[in-house]
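Let me begin by presenting the structure, written as structure tokens, before commenting on it.
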Amino acid sequence: ISLELTSLENEVNRVKTKQVQLGRIAEALSAWPELPKDFSELNFFSRTQKEKNESELKSKKEQGEELQNLLKDLKQGVKAVPKEAKILRELIEDQLRCPVFFLFELIEVTQTEWQSAVEGYLNTRRFDLILAPEYFQRALKLYEQQKRQLNIHGVGLVDTEKTLKTHRTPQKGSLAEVVSSTNDYAQAYADFIMGDIIRCDNELELKTYNRSITPSCMVYQGNAVRQTPFHIFDTWFIGSRGTQRQIEQTQQAIEKCHESFLALAETLKKLGAILKLAEEAQNLWQAVNRLAELEHELRLAQQEKESFLLN
């Protein structure tokens, strides 16, 4: 009886020690009030969140690498253009052995305050392809033949011969007046697109003209006014100013991505600590749950010993 009693007393003391440890863990976990209170739920929650965080951390690392590559390209003068435009350009250059340019590569905006308006109004036309007239028909044939196979659509192939022949001087005060180019085809095409849309300092002047635009890219045409979506002109492509703007935006994106990465890494570290505590707590809880049963067994053993001694 004495041996059994001693064994039970030792076991009860061990479990009480674990109970104290469990209390300390519970106190440590109270620093995160959003966590589940049940230890079994906490284990599942922390494990799931840790796996989710690891996935986000991996994605953020990949995003950072992509941004670094983009910045490297930008510093070498290479901008990220829509893949359809890039594919068609490479196809024509490869097959016809002729130089092909995106419109944005050949023009400059002469007044900074109108850069966004030009970018926004041209929109996807910034990526229209300019090439010498003698290549147009063959380039068009290639476009037609390969458009399904290469999934090319939405890319403008400029008829430079017709554009130059029908060129008209832009209206005074038009958006075209703030766009210049040393390439006659590009200049004629820019004049064709923007030669009759008049620049207005504010939205109140817009309805004075049939077609007009503000520096913030509010456009009036067809007797209606509408704001061009901001994302279209937030990223500049045109000229050296466009390159510098994209470099600055990419650098800012890299800094933001790095900050997010560090925050995720710190969260992952915390989640690792929480998971370790949760696993330890669950194991302790299973032992502590037996405390009442052990104490009951201890009382019975003590009573049995007292009865034995009395007899």
Side-chain angles (χ1 to χ4, degrees), residues 70 74 78-89 92 100-131 139-140 143 147 151-160 162-163 167-168 170-171 173-181 183 185-203 206 209-250 253:
L70 175 59
L74 285 170
V78 180
K79 298 186 180 81
V81 301
K83 63 178 182 179
E84 295 86 358
K86 183 179 180 181
I87 290 171
L88 182 57
R89 177 186 186 175
I92 295 171
V100 182
F101 301 94
F102 296 118
L103 177 63
F104 74 79
E105 294 177 311
L106 299 174
I107 60 176
E108 288 277 357
V109 181
T110 59
Q111 297 181 24
T112 307
E113 63 269 27
W114 287 101
Q115 179 98 17
S116 289
V118 174
E119 299 270 1
Y121 192 75
L122 286 176
N123 194 356
T124 57
R125 281 182 156 178
R126 289 175 292 184
F127 314 111
D128 285 357
L129 301 180
I130 306 289
L131 70 170
L140 177 57
Y143 194 170
K147 62 185 180 183
N151 193 30
I152 309 171
H153 51 82
V155 187
L157 182 63
V158 180
D159 183 351
T160 48
K162 186 174 183 179
T163 300
H167 177 252
R168 291 185 297 177
Q171 292 182 31
S174 69
L175 194 59
E177 283 193 333
V178 297
V179 176
S180 67
S181 177
N183 182 286
Y185 304 125
Q187 185 68 67
Y189 190 52
D191 291 346
F192 168 73
I193 299 170
M194 297 176 287
D196 63 347
I197 183 162
I198 306 301
R199 287 174 285 126
C200 296
D201 292 332
N202 59 69
E203 72 282 357
L206 287 170
Y209 308 96
N210 290 330
R211 300 175 71 230
S212 51
I213 191 169
T214 65
S216 64
C217 216
M218 184 79 80
V219 179
Y220 182 90
Q221 58 186 359
N223 295 335
V225 62
R226 57 178 47 83
Q227 174 61 47
T228 304
F230 307 118
H231 72 272
I232 292 175
F233 58 85
D234 279 346
T235 300
W236 292 355
F237 281 85
I238 298 170
S240 56
R241 198 181 296 122
T243 301
Q244 186 56 39
R245 170 83 165 240
Q246 284 201 35
I247 287 174
E248 292 169 0
Q249 289 175 329
T250 304

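Given the structure is predicted, the values throughout are model-derived calculations rather than measurements. For the single chain, residues carry numbers from 1 onward in sequence order.
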Discussion item. Show every salt bridge (charged side-chain N to carboxylate O under 4.0 Å, His left out) that has at least one partner inside residues 212-225, sequence neighbours left out.
Written reply: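 For residues 212-225, and leaving out neighbouring residues, there are no salt bridge (charged side-chain N to carboxylate O under 4.0 Å, His left out) pairs at all.
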
Fill in: Qualifying salt bridge (charged side-chain N to carboxylate O under 4.0 Å, His left out) pairs, either residue in residues 215-237, two or more places apart
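For residues 215-237: none.
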
side-chain hydrogen bond (donor to acceptor under 3.5 Å, both in side chains) partners for [X], two or more places apart:
X: T228; value: none
X: K147; value: E144
X: Q171; value: none

Let me check something: any side-chain donor-acceptor pairs from residues 217-225 under 3.5 Å, sequence neighbours excluded? List them with distances.
from: Q221; atom 1: OE1; to: R211; atom 2: NE; distance (Å): 3.1
from: Q221; atom 1: OE1; to: R211; atom 2: NH2; distance (Å): 3.2

Which atom pair, heavy atoms only, marks the closest approach of [X] to [Y]?
X: L70; Y: A80; result: CD1-CB, 3.9 Å
X: D159; Y: T163; result: O-OG1, 2.8 Å
X: A176; Y: D191; result: CB-OD1, 3.6 Å
X: R245; Y: F233; result: NH2-O, 4.5 Å
X: A188; Y: H167; result: CA-CD2, 3.6 Å

Hey, what do you get for [atom1] ([X]) to [atom2] ([Y]), rounding to the nearest 0.5 Å?
X: N202; Y: T214; atom1: CG; atom2: OG1; answer: 8.5 Å
X: E248; Y: W236; atom1: CD; atom2: CH2; answer: 9.0 Å
X: E108; Y: Q115; atom1: CD; atom2: CD; answer: 8.0 Å

Fill in: Those residues that, when tested against R89, pass salt bridge (charged side-chain N to carboxylate O under 4.0 Å, His left out) (two or more places apart)
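Testing R89 for salt bridge (charged side-chain N to carboxylate O under 4.0 Å, His left out), a comparison that skips the adjacent residues, returns E93, E105.
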
Worksheet item: For the side chain of Q246 and the backbone of G242, is there at least one donor-acceptor N/O pair under 3.5 Å apart?
Response: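 Side chain of Q246 to backbone of G242: no pair is present.
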
Discussion item. With a 3.5 Å distance limit and no angle check, can you tell me whether S116 reaches the backbone of S216 through a side-chain donor-acceptor pair?
Written reply: no

Under the side chain to side chain contact (heavy atoms under 4.5 Å, CB included) test, residues paired with [X] that sit two or more places apart:
X: H153; answer: E84, N151
X: A186; answer: L103, L106, I107, S181, N183
X: I87; answer: L150, I152
X: E113; answer: Q111

Discussion item. Quick check: do L157 and I92 have side-chain heavy atoms less than 4.5 Å from each other?
Written reply: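 SC-SC contact between L157 and I92 confirmed.
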
Worksheet item: Do L175 and Y121 have side-chain heavy atoms sitting under 4.5 Å apart?
Response: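 Yes, close enough: below the 4.5 Å cut-off.
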
Item to complete: Determine whether more than 12 heavy atoms belonging to other residues, nucleotides or ligands lie under 6.0 Å from atom OH of Y143.
Response: yes

Listed pairs under 3.5 Å, donor-acceptor, residues 122-131 side chains, sequence neighbours left out:
from: R126; atom 1: NE; to: N123; atom 2: O; distance (Å): 2.8
from: R126; atom 1: NH1; to: E119; atom 2: OE1; distance (Å): 2.7
from: R126; atom 1: NH1; to: I232; atom 2: O; distance (Å): 3.4
from: R126; atom 1: NH1; to: T235; atom 2: O; distance (Å): 3.3
from: R126; atom 1: NH2; to: I232; atom 2: O; distance (Å): 3.1
from: D128; atom 1: OD1; to: G156; atom 2: N; distance (Å): 3.2
from: D128; atom 1: OD2; to: Y189; atom 2: OH; distance (Å): 2.6

Worksheet item: When you look at K79 and F102, which way does the side-chain contact (heavy atoms from CB on, under 4.5 Å) test go after all the steps?
Response: CA-CA 11 Å; K79 298 186 180 81; F102 296 118; over 6 Å; no

